[in-house]
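Below you'll find the structure, written out as structure tokens, and then a few comments.
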Amino acid sequence: MKWNHIIVTTFPFLCTGEAFLPSKTHHTSTSLNSKLTDILPTFDKASPQSYSTPPTNTMSSATEIRTQLLELIGKNPAGHKDAEVRSQFATKLEEYSNAEGCDPSDVVFAIGQTVFGVEVPPPAKKSKTGNGSSGEEELPIVDFDYMKSFMKEVFLSYGVTPERAEICADVLIESDKRGIDSHGLGRLKPIYCDRMDDGILFPDKPIDIVSESDTTSLVDGNLGLGLYIGPYCMQMAIDKAKKHGVGFVACRNSTHYGIAGYYATMATDQGCIGFTGTNARPSIAPTFGVEPMMGTKFHFILDHSPLTFGMPSSDPFPFVIDCATSVNQRGKIERYAREGVDTPRGAVIDDQGIERTDTEGILKDMVLGKCALTPVGGAGDKMGGYKGYGWAATVELLCTALQSGPWGEDICGIDRATGKPKPMPLGHFFLAIDIEKICPLDEFKKNAGEFLQALRESRKSPTGPGRIWTAGEPENDARVQRMAQGGMKVPVSLQKNMVALRENRPGLKEKYAKFPFE
């Protein structure tokens with residue numbers, strides 16, 4: 001019996017998605033059979049236990065291991081349901097990934113992830129080095145303290161006060177520590193420095209309190225750095241909550257404030273429930289629409305009207321749900337561009353109603369208003385896109401109605417007539433609830449921890465990765481891993497950004513004559 005027949009009959013769900021094969025076109029079972037026939041060895045018709053491989057005189061280590069992987073699959077058609085077989089497959093796939101001659105695009109990695117729930121990353125693809133030879137791209141690891149110090153010095157060079165520069169750098173480095181690479185060092189130059197250079201964001205504006213009560217406040221950031229405006233507002237909400245049980249702060253005329261999860265964690269660290277959101281330049285189209293109208297983050301803490309919500313628990317990390325109200329957010333697409341990969345289908349729709357995957361073209365057309373992100377659930381209503389649309393609209397309302405703030409084209413950042421940059425006065429909101437005003441904090445943490453632990457210990461999918469995460473846990477995993485490795489990896493594109501800042505900002509050449517990656 002052919003191996004490709006085993007795949008189609010035993011694992012029919014492999015034929016239902018595009019992730020399995022590199023082609024961007026949809027494959028039927030027949031075409032999948034044909035594809036797999038070309039790349040996988042065949043099994044003897046008389047017995048599924050025996051197999052034969054194409055004749056060869058020599059067999060590399062990688063080829064031998066790959067053959068063993070296929071044998072393991074062929075002899076165990078239902079192996080994805082067997083924990084021992086999954087473990088054997090994971091071990092062997094890891095061995096194959098590290099072997100000389102392993103093909104990074106080999107279909108066995110897709111089989112491992114899709115069928116066995118084994119997420120072993122393929123080896124990095126070969127890349128050309130400076131001398132034209134082929135070699136593995138090795139990204140340098142830079143210490144977090146070093147990187148935070150560099151970012152602080154960059155902000156100081158623009159005239160940000162030392163106290164505020166420290167806060168700005170802390171918000172950004174926290175993103176990199178949590179594994180949210182789209183919002184850390186990756187945003188230093190293009191989002192903050194370039195906008196200060198363009199005169200549409202100001203390094204050290206005062207924060208004005210427009211109106212205030214015991215539990216509420218309206219704040220004006222005067223187009224200063226959202227990286228220091230956000231922490232100021234969240235702390236104000238927390239202080240009010242500690243006195244009166246609840247604190248709510250609305251902010252207008254702010255700018256991009258980094259990861260919303262930072263503010264949720266500010267609240268959880270001080271025994272509060274935290275809730276925050278921000279609007280952003282229009283990038284999400286409403287359900288059945290193609291025009292970008294809303295941002296994407298809702299963070300109970302909201303970019304791309306993000307949504308973020310944080311609560312303390314007895315776990316070593318808080319429960320923090322920090323996500324956009326779109327399928328993807330712009331920062332993630334910018335990351336795809338840095339990595340040179342396509343944007344997943346269904347995340348972006350253009351003004352002709354076509355779902356786009358060309359990352360560079362998407363970013364260009366988003367600036368021109370010709371592309372929009374789809375809300376959570378995707379385009380249309382078949383997968384519940386109206387739900388993400390509703391959440392995005394909720395965030396926009398909380399970020400504009402209280403503040404009498406602008407939205408849509410007024411915060412797009414580009415003068416459509418001239419193509420020149422213009423200010424983006426954003427709105428935020430911050431809510432803090434002091435838990436001790438309702439019940440003992442330890443009791444709340446215990447109750448929350450027990451529930452979250454029950455979720456993680458609930459029955460796992462036989463085709464999943466064998467683990468269930470709760471919100472905040474992936475970021476904690478990333479922090480632990482990155483602390484253990486001694487810092488963060490710095491892609492070549494961000495190395496270039498750092499060099500450019502050093503060359504162009506006063507005082508940086510003397511302090512950073514040579515970066516760790518040079």
Side-chain angles (χ1 to χ4, degrees), residues 18 24 182-183 187 190-191 195 255-256 260 277-299 302-307 322-338 341-400 405-427:
E18 295 178 0
K24 296 179 183 178
S182 59
H183 281 61
R187 295 232 158 176
I191 297 297
R195 290 179 183 178
T255 56
H256 194 284
T278 176
N279 65 348
R281 54 186 168 186
S283 54
I284 301 178
T287 301
F288 299 125
V290 296
E291 181 182 356
M293 293 296 294
M294 300 166 287
T296 67
K297 272 200 173 175
F298 180 17
H299 303 280
L302 308 170
D303 177 1
H304 302 68
S305 304
L307 169 65
D322 179 356
C323 57
T325 50
S326 56
V327 172
N328 254 337
Q329 57 193 49
R330 184 187 179 91
K332 185 66 69 65
I333 295 176
E334 290 168 350
R335 180 180 172 185
Y336 294 149
R338 291 197 297 269
V341 300
D342 286 345
T343 296
R345 188 175 300 280
V348 176
I349 190 169
D350 68 14
D351 55 5
Q352 300 302 307
I354 298 171
E355 295 182 356
R356 297 272 293 274
T357 62
D358 55 315
T359 301
E360 293 291 348
I362 287 170
L363 289 173
K364 292 177 182 177
D365 282 348
M366 286 183 73
V367 173
L368 299 174
K370 295 181 179 180
C371 269
L373 300 175
T374 58
V376 170
D381 61 357
K382 290 183 179 180
M383 295 297 291
Y386 60 87
K387 299 177 183 178
Y389 165 35
W391 279 122
T394 299
V395 175
E396 290 287 335
L397 288 168
L398 288 171
C399 292
T400 59
W407 49 271
E409 279 293 299
D410 289 337
I411 56 171
C412 71
I414 296 290
D415 185 320
R416 301 295 189 195
T418 65
K420 294 182 179 180
K422 69 176 184 180
M424 290 177 281
L426 303 182

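Just so you know, these numbers use all the heavy atoms, side chains as well, and skip hydrogens, waters and symmetry mates.
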Applying side-chain contact (heavy atoms from CB on, under 4.5 Å) to Leu397 and not counting sequence neighbours gives none
How far does OG of Ser326 sit from NZ of Lys332, to the nearest 0.5 angstrom? 9.5 Å
Residue list, salt bridge (charged side-chain N to carboxylate O under 4.0 Å, His left out) with Arg195, at least two apart or on another chain: none
Are any of the side-chain heavy atoms of His256 and Arg187 separated by less than 4.5 Å? yes
Can you list the residues that meet the side-chain contact (heavy atoms from CB on, under 4.5 Å) rule with Tyr386, with sequence neighbours excluded? Thr287, Asp381
What closest approach, in Å, do Ala392 and Ile284 show between heavy atoms, and which atom pair accounts for it? CB-CD1, 4.1 Å
In short, Pro406 meets Asn279 closest at the heavy-atom pair O-ND2, 3.6 Å
Spatial distance of atom NE2 (His183) from atom CZ (Arg335) [nearest 0.5 Å]: 12.0 Å
Can you give the donor-acceptor pairs under 3.5 Å from side chains of residues 360-376 to other protein atoms, not counting sequence neighbours?
residue: Asp365; atom: OD2; partner: Arg356; partner atom: NH1; Å: 3.2
residue: Asp365; atom: OD2; partner: Arg356; partner atom: NH2; Å: 3.0
residue: Thr374; atom: OG1; partner: Gly346; partner atom: O; Å: 2.7
residue: Thr374; atom: OG1; partner: Ala347; partner atom: O; Å: 3.3

Sequence neighbours excluded, the answer for salt bridge (charged side-chain N to carboxylate O under 4.0 Å, His left out) partners of Glu409 is Arg416
Going by the rule side chain to side chain donor-acceptor pair (under 3.5 Å), which residues pair with Thr343 if we only count those two or more places apart in sequence or in a different chain? Thr359
Got a donor-acceptor contact below 3.5 angstrom from the Asp415 side chain to the Lys420 backbone? no
May I ask you to decide if Thr357's main-chain N or O and Arg345's side chain share a donor-acceptor pair within less than 3.5 Å? no
Shortest non-hydrogen contact from Pro286 toward Met293: CD-CG, 3.9 Å
Run the numbers on Ile411 and Leu426 for side chain to side chain contact (heavy atoms under 4.5 Å, CB included), then give the verdict. CA-CA 7 Å; Ile411 56 171; Leu426 303 182; 4.0 Å; yes
